[in-house]
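Heads up: the structure comes next, in structure tokens.
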Amino acid sequence: MSTIQNPPVPENTSRPAVQPLKCTNCGSSENLDLETIESIEPHTGELLVAVSYTCTRCEASFSHTATFHEVAAVLNSRSAISGLLQFGGEYFHCGEPMQFAASSAKSVYVPITTEDNDDPLMDVYLKTRVLECRCGFRMELPA
């Protein structure tokens with residue numbers, strides 16, 4: 001039995017609407033590829049999460065509130081994570097959390113022309129962080 005509970009909430013707080021974790025096109029929950037799992041605002045009743053997933057059979061995408069136990073059941077199946085999964089603030093690849101590899105600042109300015117221009121354009125930099133999986137997969141995200 002799970003010991004995970006919701007934080008205390010006022011008595012007048014309503015419970016969000018919950019949808020079953022399945023493809024409404026195929027009517028099955030056997031071909032789901034989970035993409036994101038996020039916490040939601042405190043609520044009464046059973047623990048709920050916001051989940052996004054794709055059906056690998058028909059390629060339909062879904063995003064809604066589901067019960068934590070239903071999401072856990074899909075995660076425990078063999079094929080629930082075929083690629084990248086965002087769970088809270090972490091990214092998972094190969095079933096393991098990706099590790100911080102580096103950070104940098106990338107210039108987002110690209111010259112539009114090769115002609116000399118007397119008006120200097122300001123460079124714009126975007127700070128990024130690189131996450132890496134042990135398999136070699138790397139992903140660069142805004143910092």
Side-chain angles (χ1 to χ4, degrees), residues 1-115 117 120-143:
M1 171 156 279
S2 173
T3 58
I4 299 173
Q5 297 178 348
N6 284 320
V9 295
E11 290 183 28
N12 61 350
T13 304
S14 63
R15 183 174 190 259
V18 176
Q19 296 178 18
L21 201 59
K22 70 175 188 177
C23 176
T24 55
N25 294 345
C26 301
S28 171
S29 61
E30 294 180 17
N31 302 300
L32 303 183
D33 184 15
L34 297 180
E35 295 166 355
T36 64
I37 304 168
E38 297 290 336
S39 61
I40 61 173
E41 294 295 320
H43 54 276
T44 59
E46 187 177 5
L47 184 61
L48 304 176
V49 293
V51 63
S52 297
Y53 56 94
T54 301
C55 175
T56 57
R57 176 190 271 170
C58 69
E59 299 183 9
S61 294
F62 304 92
S63 182
H64 58 80
T65 303
T67 66
F68 175 80
H69 292 292
E70 193 172 12
V71 172
V74 172
L75 280 173
N76 286 330
S77 69
R78 289 182 281 141
S79 61
I81 306 173
S82 65
L84 184 67
L85 171 67
Q86 180 190 5
F87 186 29
E90 300 290 326
Y91 289 87
F92 292 80
H93 192 263
C94 295
E96 298 178 6
M98 295 180 70
Q99 301 297 315
F100 175 74
S103 64
S104 64
K106 301 285 185 186
S107 174
V108 293
Y109 167 75
V110 178
I112 299 171
T113 177
T114 57
E115 296 177 18
N117 189 349
L121 295 175
M122 299 193 64
D123 284 341
V124 176
Y125 288 90
L126 175 67
K127 290 184 180 181
T128 63
R129 62 186 173 131
V130 177
L131 298 176
E132 184 174 56
C133 179
R134 65 179 172 82
C135 74
F137 175 76
R138 294 172 62 106
M139 178 172 67
E140 191 168 9
L141 299 169

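No experiment lies behind these values; they were computed from the predicted model shown. As a basis for the values below, the full set of heavy atoms in this structure was taken, side chains included, without hydrogen atoms, waters or symmetry mates.
The salt bridge (Lys or Arg N to Asp or Glu O under 4.0 Å) pairs that include a residue from residues 52-65 number zero, where partners must be two or more places apart or lie in different chains. Counting only residues at least two apart or on different chains, the salt bridge (Lys or Arg N to Asp or Glu O under 4.0 Å) pairs with a member in residues 91-101 are Glu96-Arg134. Residue pairs meeting the salt bridge (Lys or Arg N to Asp or Glu O under 4.0 Å) criterion with at least one member in residues 63-77: none, sequence neighbours excluded.
When all heavy atoms of Ala17 and Thr65 are compared, the pair lying nearest together is O-CB, 3.4 Å. For the residue pair Val74 and Leu21, the shortest heavy atom distance occurs at CG2-CD2, 3.4 Å. Contact detail for Val18 and Ala66: the closest heavy-atom pair is CG1-CA, 4.0 Å. The two residues Ile40 and Ala50 have their closest heavy-atom pair at CG2-N, 3.5 Å.
Scanning for side-chain contact (heavy atoms from CB on, under 4.5 Å) contacts around Ser29 gives Lys22, Leu32, with sequence neighbours left out. Legend: residues meeting salt bridge (Lys or Arg N to Asp or Glu O under 4.0 Å) with Arg138, ordered by chain and number and at least two apart, are Glu132. Scored by the side chain to side chain donor-acceptor pair (under 3.5 Å) test, Ser61 finds Thr54 as partners (sequence neighbours excluded). Residues that satisfy the side-chain contact (heavy atoms from CB on, under 4.5 Å) test with Ala73, not counting sequence neighbours, are absent from this structure. Under the salt bridge (Lys or Arg N to Asp or Glu O under 4.0 Å) criterion, Glu90 pairs with no residue at all, not counting sequence neighbours. For the ring pair (Phe, Tyr, Trp, His ring centres under 6.0 Å) test, no residue two or more places apart in sequence or in another chain qualifies with Tyr91. The side-chain contact (heavy atoms from CB on, under 4.5 Å) test applied to Thr36 returns Ser52, Gln86, not counting sequence neighbours.
Considering only heavy atoms from C-beta on, Met139 comes within 4.5 Å of Leu141 through its side chain. Residues Asn25 and Cys58 form a side-chain contact, since some pair of their non-hydrogen atoms from C-beta on lies under 4.5 Å apart. In this structure, the side chains of Arg129 and Phe100 come closer than 4.5 Å at one or more pairs of heavy atoms. Proximity of Lys127 to Pro142: side-chain heavy atoms (C-beta onward) are nowhere separated by under 4.5 Å.
Distance check, rounded to the nearest 0.5 Å: SG of Cys135 to CE of Met98 gives 7.5 Å. Of the inter-residue distances, the one linking Ile37 atom CD1 with Ser39 atom OG reads 11.5 Å to the nearest 0.5 angstrom.
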Go through Tyr53 and Glu35 one step at a time and tell me if the side chain to side chain contact (heavy atoms under 4.5 Å, CB included) criterion holds.
CA-CA 5 Å; Tyr53 56 94; Glu35 295 166 355; 5.5 Å; no
Check step by step if side chain to side chain contact (heavy atoms under 4.5 Å, CB included) holds for Cys23 and Ser28.
CA-CA 5 Å; Cys23 176; Ser28 171; 5.6 Å; no
Where do Phe62 and Gln19 land on the side chain to side chain contact (heavy atoms under 4.5 Å, CB included) test, with the steps shown first?
CA-CA 10 Å; Phe62 304 92; Gln19 296 178 18; over 6 Å; no
